[in-house]
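Scroll down for the structure; my scribbles are underneath it.
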There are 2 protein chains.
Amino acid sequence: MSAERRRPIAKKPASAYHHGRLREALIAAALRLIGGGEDVNLREAARLVGVSPGAPFRHFRDKAALLAAVAEETMRRFRHEVVTALGAAPSAPSSQIHAMAVAYLRFALGEPAYFRAFAQAGELGFFDSDFFKKENQETLDALDGLIVEGQQRGEVAPGDPRVVHLAARAFVYGLGRMYVEGHFARLGLGGESPLAVAEQALAVFERGLLRSEPSRPPGTSRRSAKDKLP
Amino acid sequence: MSAERRRPIAKKPASAYHHGRLREALIAAALRLIGGGEDVNLREAARLVGVSPGAPFRHFRDKAALLAAVAEETMRRFRHEVVTALGAAPSAPSSQIHAMAVAYLRFALGEPAYFRAFAQAGELGFFDSDFFKKENQETLDALDGLIVEGQQRGEVAPGDPRVVHLAARAFVYGLGRMYVEGHFARLGLGGESPLAVAEQALAVFERGLLRSEPSRPPGTSRRSAKDKLP
DNA sequence: CGTGGAAAGTAAGCGGTGATTACATTGGCA
DNA sequence: TGCCAATGTAATCACCGCTTACTTTCCACG
């Protein structure tokens with residue numbers, strides 16, 4: 001039996017019976033549902049695609065698998081945005097970290113459906129899946145490297161790099177979640193551009209995280225300013 | 001007969017038929033379920049209390065109402081901890097804000113069940129309920145006041161107080177969520193005391209948020225031009 | 001060709017869950 | 001004492017995740 005049936009990816013429904021690209025259609029439908037604020041509903045997704053309630057199980061072992069697939073797609077988009085942003089930013093660690101944070105916020109606030117999908121799949125075991133580890137490890141490793149290099153240059157707050165890493169991710173993650181949960185509006189910040197607000201908040205955080213100007217006079221910094229910078 | 005048989009909070013089951021304090025028992029059961037990591041299950045909660053599946057609906061209109069009640073209880077505990085911490089801390093705005101953040105983190109990391117309940121109820125409309133607004137407004141107002149006063153004293157980062165408020169809450173919220181979602185362990189920080197790690201991360205954030213030494217000369221902040229807001 | 005086998009979808013149904021409704025039991029109070 | 005409101009039960013519905021058995025379609029291979 002041929003394990004590799006190698007069926008060309010049909011662009012349209014292959015027939016009235018066989019959908020032809022049900023898997024992708026289900027992912028898209030799930031994403032629409034997530035974007036609508038509701039939690040994903042397998043039967044409803046099937047309904048949106050015009051297929052029977054049992055059909056999704058031909059492509060996904062269970063609901064979690066569909067959510068994981070959505071999260072994979074989300075992850076790919078996220079990584080693409082991060083990589084693009086890093087390539088366009090100056091190479092100094094502080095600039096790279098800033099660009100990474102902005103890319104994260106742009107992603108979370110610009111496409112809440114994706115961010116929600118991300119968070120939602122994370123509440124299941126997705127973060128422990130092989131795909132996630134492989135796909136995300138490079139980004140996280142890059143952040144780790146930037147933190148360490150930034151610390152050596154005096155651009156980044158000192159301390160355990162893992163803790164600095166944790167602090168940075170907690171901040172952008174919390175900001176994204178607060179946005180999708182409606183806290184921006186609750187704080188009276190609904191009228192303004194969410195991304196602009198988030199970047200201002202990021203600036204508040206960065207004033208401690210990033211120290212790109214070593215011209216600060218000695219004695220004004222609580223911690224030993226070994227600031228030697230270009 | 002029992003003078004305390006009147007409808008308020010009975011200390012024991014009033015009879016085999018009437019539970020007597022079913023409402024409180026259901027809240028406790030829901031909290032236990034949340035603490036166990038699972039999401040709340042009305043029938044299971046009823047089962048734990050030893051009552052029929054329909055009984056909870058005598059006390060809660062729907063599942064969301066039970067979660068809201070759990071969140072109310074959580075909120076009361078949270079406020080108590082915050083108030084206590086504020087009373088024990090120095091009166092300087094930076095110290096008060098720090099104490100508030102530590103109390104938040106102690107609450108989120110010390111009793112994950114409560115924090116999860118809080119976040120879970122927040123994903124429904126609980127944050128827009130009258131109780132929440134009334135109960136939480138004072139805490140939020142206190143934080144706003146501390147931020148403004150701290151800014152006047154030069155202890156707190158400048159900028160729109162609402163944005164500073166947002167940044168502070170996003171940080172501790174993100175940290176709490178990352179903890180209950182297992183990211184501490186994923187970052188290799190599982191072995192250490194979570195609260196100690198969180199406080200170190202908080203220090204990273206505070207180095208920008210809190211400026212106990214306002215003697216920094218003008219012009220050293222690379223974003224000084226953007227700090228103009230109402 | 002044309003045919004067999006696998007992929008992909010359908011139909012039917014199970015168990016669990018939130019929610020509603022009608023009924024039963026209890027205890028306080030006029 | 002007898003009424004009545006509060007409280008709990010029983011039965012039931014609709015929906016959802018998931019499984020199983022069956023049907024339809026497509027494709028590789030002789």
Side-chain angles (χ1 to χ4, degrees), chain A residues 1-27 29-30 33-34 36 38-70 120-121 123-125, chain B residues 1-27 29-30 33-34 36 38-70 120-121 123-125:
Chain A
M1 59 190 189
S2 59
E4 293 255 346
R5 186 52 69 116
R6 227 164 117 188
R7 161 181 172 63
I9 300 174
K11 300 288 182 183
K12 300 176 181 179
S15 71
Y17 191 89
H18 284 314
H19 185 285
R21 49 175 189 181
L22 181 54
R23 184 187 162 89
E24 291 80 357
L26 285 172
I27 292 176
L33 290 176
I34 292 176
E38 330 265 335
D39 45 350
V40 177
N41 180 320
L42 227 43
R43 292 174 110 97
E44 178 68 17
R47 218 169 290 140
L48 284 176
V49 183
V51 94
S52 76
F57 292 92
R58 292 286 166 192
H59 299 271
F60 303 100
R61 182 152 34 112
D62 55 11
K63 180 180 177 179
L66 172 57
L67 292 191
V70 172
Q120 188 166 337
E123 289 171 7
L124 299 116
Chain B
M1 288 296 184
S2 60
E4 65 178 50
R5 186 55 64 94
R6 310 162 40 100
R7 21 161 258 297
I9 303 172
K11 298 293 181 184
K12 301 176 182 177
S15 72
Y17 192 88
H18 285 312
H19 185 284
R21 48 175 190 180
L22 181 55
R23 184 186 163 89
E24 292 79 0
L26 285 172
I27 292 176
L33 291 176
I34 292 176
E38 326 272 335
D39 45 350
V40 177
N41 180 321
L42 227 42
R43 292 174 109 95
E44 178 68 17
R47 220 170 288 140
L48 284 176
V49 181
V51 94
S52 77
F57 292 91
R58 291 287 168 192
H59 298 272
F60 304 100
R61 182 150 39 104
D62 55 10
K63 180 181 177 179
L66 172 58
L67 292 191
V70 172
Q120 189 166 337
E123 288 171 7
L124 298 117

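Below, chain A is the first sequence line, B the second, and so on; all start at residue 1. Only heavy atoms go into these numbers, but all of them, side chains included; no hydrogens, no water, no symmetry mates.
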D:dC16 C1' sits how many Å from A:E38 CD, rounded?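 These atoms are roughly 14 Å apart.
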
Roughly what angle, to 10°, lies between the helix axis at the start of the helix from C:dC1-D:dG30 to C:dA30-D:dT1 and the one at its end, five pairs per end?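 What I find for the helix from C:dC1-D:dG30 to C:dA30-D:dT1 is an axis angle of 10°.
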
Tell me, please, which residues at least two apart from B:A68 pass side chain to side chain contact (heavy atoms under 4.5 Å, CB included).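 Only B:F126 meet the side chain to side chain contact (heavy atoms under 4.5 Å, CB included) criterion with B:A68.
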
With respect to the phosphate group of D:dG8, does any side-chain polar atom (N or O) of B:H59 fall under 4.0 Å of OP1 or OP2? yes

Please list every donor-acceptor pair under 3.5 Å in which a side-chain atom of residues 38-55 of chain A meets a protein atom from a residue at least two apart or in another chain.
residue	atom	partner	partner atom	Å
A:N41	OD1	A:R43	N	3.0
A:N41	OD1	A:E44	N	2.9
A:E44	OE1	A:R47	NH1	2.5

Heavy-atom closest pair (B:F60 atom, B:A69 atom, distance to 0.1 Å) is CE2-CB, 3.7 Å

Heavy atoms only: give me the nearest B:D62-B:F57 pair and the separation to one decimal.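 In this case the closest contact between B:D62 and B:F57 is CA-CE2, 4.2 Å.
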
At a cut-off of 3.5 Å, list every protein nitrogen or oxygen paired with a nitrogen or oxygen from nucleotides 15-21 of chain C, distance to 0.1 Å.
residue	atom	partner	partner atom	Å
C:dT17	OP1	B:N41	ND2	2.6
C:dT17	O5'	B:N41	ND2	3.2
C:dG18	OP1	B:L42	N	3.2
C:dG18	OP1	B:K63	NZ	3.4
C:dG18	OP2	B:N41	OD1	3.4
C:dG18	OP2	B:L42	N	3.1
C:dG18	OP2	B:R43	N	3.3
C:dG18	N7	B:R43	NH1	2.7
C:dG18	O6	B:R43	NH1	3.4
C:dA19	OP2	B:K63	N	2.7

List for me each residue that meets salt bridge (Lys or Arg N to Asp or Glu O under 4.0 Å) alongside B:R61, sequence neighbours excluded, and say none if there are none.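 B:R61 satisfies salt bridge (Lys or Arg N to Asp or Glu O under 4.0 Å) with no other residue.
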
With rounding to the nearest 0.5 angstrom, report the CD to NE2 distance, A:E24 to A:H59.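 NE2 of A:H59 is found 8.5 Å from CD of A:E24.
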
